[in-house]
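Data first, discussion second: the structure below is written as structure tokens.
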Amino acid sequence: MANLIELNKVSKIYGTQVQTKVLHEIDLEIEEGSFNGIIGASGSGKSTLLNIIGTLDQPTSGIIKINNIETHLMRNKALAKLRNETIGFVFQFHYLLPEFTALENVLMPYYIKGKKIDKHMNERAQELLELVGLTKVMNNLAGNMSGGQQQRTAIARALINNPKLILADEPTGNLDSETTEQVYELLREIHRDYKTTFVIITHDRRIAEKTDRIIEIKDGRIFSDFSKI
Amino acid sequence: MKLSFRIALRFLFSSKGQTLLILLGIAIGISVQIFIGSLIQGLQSSLLDATIGSSPHITIKAVEKNEPLNHPETIINTVKKDEQLVALSSSITTGAFLRVDDRTEQILVRGFNYSDANKIYKFNDKLIEGQLPLQENDIIIGKALAESFKLKIGDEVDIQSVNGHIIKGNITGLFDLKVAAINESWVLSSIDFSRQISDYSADQISEIEMQVIEPFDADLIAIELSKLINQNEISTVDWKTENQQLLSGLNGQSTSSLMIQVFVVISVVLAIASVLAISVMQKSRQLGILKAMGINDTMASYIFLSQGFILGVIGAILGILFGLGLLYSFTTFALNPDGTPVVPILINPGFILLSGVIAMSASTLASLIPALKSKKLSPMEVIKNG
Amino acid sequence: MYQEENYLEFKHALKTFEKEKAYLHIKSLLDNQTLTIIEIYELYLAKSLSEIAGNNLEQQIPIWQEHLISNIVRSIVELTYPYVLIEKGKTRAIKQSVVILCLEEEYHDLGARMVQDFFEIAGFTAYFIGANTPDSEIESALQVLKPEILCISVTNYYHLSKLHKLLNHINELFPNHDFKIAVGGYAIQNSSKVESQIQADYYLKSFEDITNLKEVLS
């Protein structure tokens with residue numbers, strides 16, 4: 001399988017007067033269609049790494065290629081388009097728009113793409129909500145849903161544009177263990193059915209156990225990197 | 001663009017209290033602006049109407065006081081070419097004495113051709129009793145004069161010229177020109193009657209009086225006319241030159257009214273800008289999410305421009321309604337004893353529309369700052385800070 | 001001699017949770033000396049377990065069944081200890097001890113338990129600590145038992161990064177230590193880049209690897 005993501009000597013320094021080097025010359029390749037876990041203590045730089053991969057943050061030096069395109073050469077508008085069409089984000093704090101319903105939140109990336117919502121698309125959004133078990137509450141405002149429901153909505157939203165890549169930062173970080181299991185099973189199903197590439201940061205052993213590759217970040221460096229054969 | 005508008009609308013709906021408050025702010029600001037504007041405009045137009053509505057704007061007469069204008073036809077033919085002219089009346093005005101029994105009073109006899117003069121002085125409306133002079137010897141007198149001499153319609157009085165000869169006049173009507181000095185001294189007659197008293201020949205009159213379309217251009221028109229007539233012994237006098245004080249009063253009023261309106265609009269703009277700036281902060285989380293999902297900077301800033309526009313439109317509509325309401329209640333409840341409004345208010349649709357447009361564009365403009373601010377917001381700030 | 005038919009019979013007994021039948025099956029193989037104890041472990045017990053509920057398979061049977069079956073196997077392992085002792089008596093003893101354990105939160109210790117018997121049969125003194133051993137306990141065991149070999153079994157590949165961390169830690173804690181480190185287990189054999197990242201002295205896959213190790217050490 002080809003590489004979907006390639007990082008070449010990626011470093012990140014925060015601050016100008018007091019400089020903190022958060023990432024040290026990271027080299028990393030992520031295969032298309034793989035299911036990857038990133039672990040590491042808090043402050044290890046794993047979230048920064050994920051945000052840099054997702055083009056939400058820029059590296060201080062080094063090259064990132066997504067789909068063989070160097071993202072640091074892209075303009076803001078092109079990056080926005082890349083995020084919209086190629087990447088789906090799931091964050092620890094679900095980050096829904098509380099002013100919109102679950103269904104509207106799921107459709108939001110598609111709206112942003114500038115497409116008209118036809119019957120087919122509406123059905124797809126409803127299917128995704130069914131997949132995450134939220135058919136009943138799809139017309140509730142996101143602000144009025146429980147944490148688990150919001151997180152599952154965020155997952156459905158990440159999927160609407162059929163992204164090649166899903167980046168998740170502690171997607172089950174604030175969910176109870178039962179919901180964690182559900183969310184995880186869901187991600188796995190999506191991986192199986194849509195061949196989506198996943199990069200998931202997790203503290204949760206049960207989730208990390210089930211990924212195909214575990215990358216441990218320590219002090220801004222890749223400390224270990226094991227894959228299932 | 002459409003999505004930005006939708007999001008803007010939803011943001012506004014989701015914080016109803018805040019939206020209502022800002023709408024109220026815009027609406028009150030605009031209604032005050034409309035109210036003050038209409039009030040001042042009404043005040044000025046009624047004042048102007050009182051001053052120049054029923055009086056000549058430009059008068060042509062001889063340079064020398066009490067000298068006649070010779071050959072008025074040529075002058076009239078010249079001035080009539082001016083497109084600004086709406087009314088023109090030639091008259092003979094002369095001093096004389098009214099003698100009733102032993103009492104003699106100095107008066108001013110003004111002889112008009114009433115079909116012309118009515119266009120300027122609206123004598124028909126000023127007549128409180130009787131009718132305008134029809135016959136050569138018919139006269140009408142002021143109400144005060146009639147009271148002081150105990151005269152009534154049908155009485156015959158002696159009018160004595162400065163040269164001493166006496167002509168009899170029949171009183172056919174009483175007028176009230178709302179100015180005591182005039183009511184006490186003017187005697188209006190036919191032009192032939194006053195010619196007899198003044199001893200003017202057939203091709204002599206004392207003045208030509210005119211009204212023009214734009215009273216405020218009267219001074220300029222007067223200068224133009226005197227150039228056209230081009231006679232040394234003739235002078236043109238306009239109302240503006242004779243009413244400098246009134247004019248500067250009106251000017252001051254306009255300026256202060258404009259200032260008030262400008263400051264009201266500025267405070268509305270500041271209010272919108274500050275509320276929207278806070279709203280960018282409040283919605284920075286949502287903006288971060290939208291940006292992470294791939295909304296571009298232009299779309300993000302359109303959200304806030306749309307908010308400004310929506311607030312502006314609704315605020316303007318409400319403001320106009322409030323403003324009209326204020327005007328209505330003012331004209332309904334603040335009345336003179338005779339039932340007329342204390343201040344006659346002028347409802348000028350153009351002005352009200354303009355106020356609405358100003359409100360809309362001001363609030364859209366006010367949203368420019370938050371819109372630019374939203375452009376700079378990075379999704380990282382939101383994601384990092386949870 | 002290994003017979004496929006005979007093996008399938010045993011596997012069926014396991015699948016149907018017939019503990020007694022499974023045990024008697026193994027006992028008869030040992031009593032009749034059809035197979036050695038090593039062959040029983042490698043060709044019957046380990047093989048059947050991985051076939052029924054292997055780590056490489058999607059979860060086909062419920063976890064409780066998996067646990068039930070592995071507990072039957074565990075019982076068999078314990079019950080075959082007399083045969084282990086017989087086998088041990090046949091080999092030359094080596095004056096070396098080995099501590100066998102699984103890392104914290106690693107509960108799959110049956111493989112490690114079998115490895116203990118392999119080491120005993122090979123002539124080592126084997127201390128089996130078992131599942132879920134926190135790092136501090138490992139340190140303490142190393143200090144008290146002073147083994148020549150620390151043998152760690154890793155079944156779940158998630159624990160590879162923990163192993164990586166532990167070995168780094170041990171090198172810091174016991175600089176220039178005399179004991180060797182041996183690793184094995186499903187995760188060690190079925191993950192990429194293990195040998196390049198894990199600083200172990202030996203990678204053990206089979207009983208043969210243990211006898212080879214004995215040759216090297218003696």
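Note on naming: letters A, B, ... go to the chains in the order of the sequence lines (proteins, then strands), and numbering restarts at 1 for each one.
Applying the side-chain hydrogen bond (donor to acceptor under 3.5 Å, both in side chains) test to residues at least two apart or on different chains, none of the pairs has a partner in residues 315-329 of chain B.
Atom CD1 of residue B:I7 and atom CZ of residue A:F100 lie 5.0 Å apart, to the nearest 0.5 angstrom. In this structure, CD1 in A:I160 is found 11.5 Å from CE in B:M293, a value given to the nearest 0.5 Å. In this structure, NZ in B:K291 is found 11.5 Å from CD1 in A:I112, a value given to the nearest 0.5 Å. How far CG of A:L96 is from CD of B:Q286: 10.5 Å, rounded to the nearest 0.5 Å. Put simply, CG on B:L12 and CD on A:E99 are 10.5 Å apart, with the number rounded to the nearest 0.5 Å. A distance of 9.5 Å separates CG of B:N296 from CZ of A:R83, quoted to the nearest 0.5 Å.
Within residues 74-81 of chain A, the residues having any heavy atom under 4.5 Å from a heavy atom of chain B are, by residue number, A:N76, A:K77, A:A80.
In this structure, the side-chain hydrogen bond (donor to acceptor under 3.5 Å, both in side chains) partners of B:Q33, at least two apart in sequence or on a different chain, are B:Q261, B:S355. For A:N161, there are no side-chain hydrogen bond (donor to acceptor under 3.5 Å, both in side chains) partners at least two apart in sequence or on another chain.
Contacts of A:F89 with chain B are made by side-chain atoms alone, with heavy-atom separations under 4.5 Å and no backbone atom involved. Neither the backbone nor the side chain of A:E85 has a heavy atom closer than 4.5 Å to any heavy atom of chain B. Heavy-atom distances place no part of B:S15 under 4.5 Å from chain A, backbone and side chain included.
Residue B:R10 comes nearest to A:T101 through the heavy atom pair NH1-N, 4.4 Å, listed as atom of the first residue, atom of the second, then distance.
Counting non-hydrogen atoms of neighbouring residues, nucleotides and ligands closer than 6.0 angstrom, the CD atom of A:Q19 exceeds 12 such neighbours. Crowding of B:F309 atom CZ: a count of heavy atoms from other residues, nucleotides or ligands under 6.0 Å not exceeding 12.
The most heavy-atom pairs under 4.5 Å with chain B, out of A:T48, A:L82, A:N84, come from A:N84.
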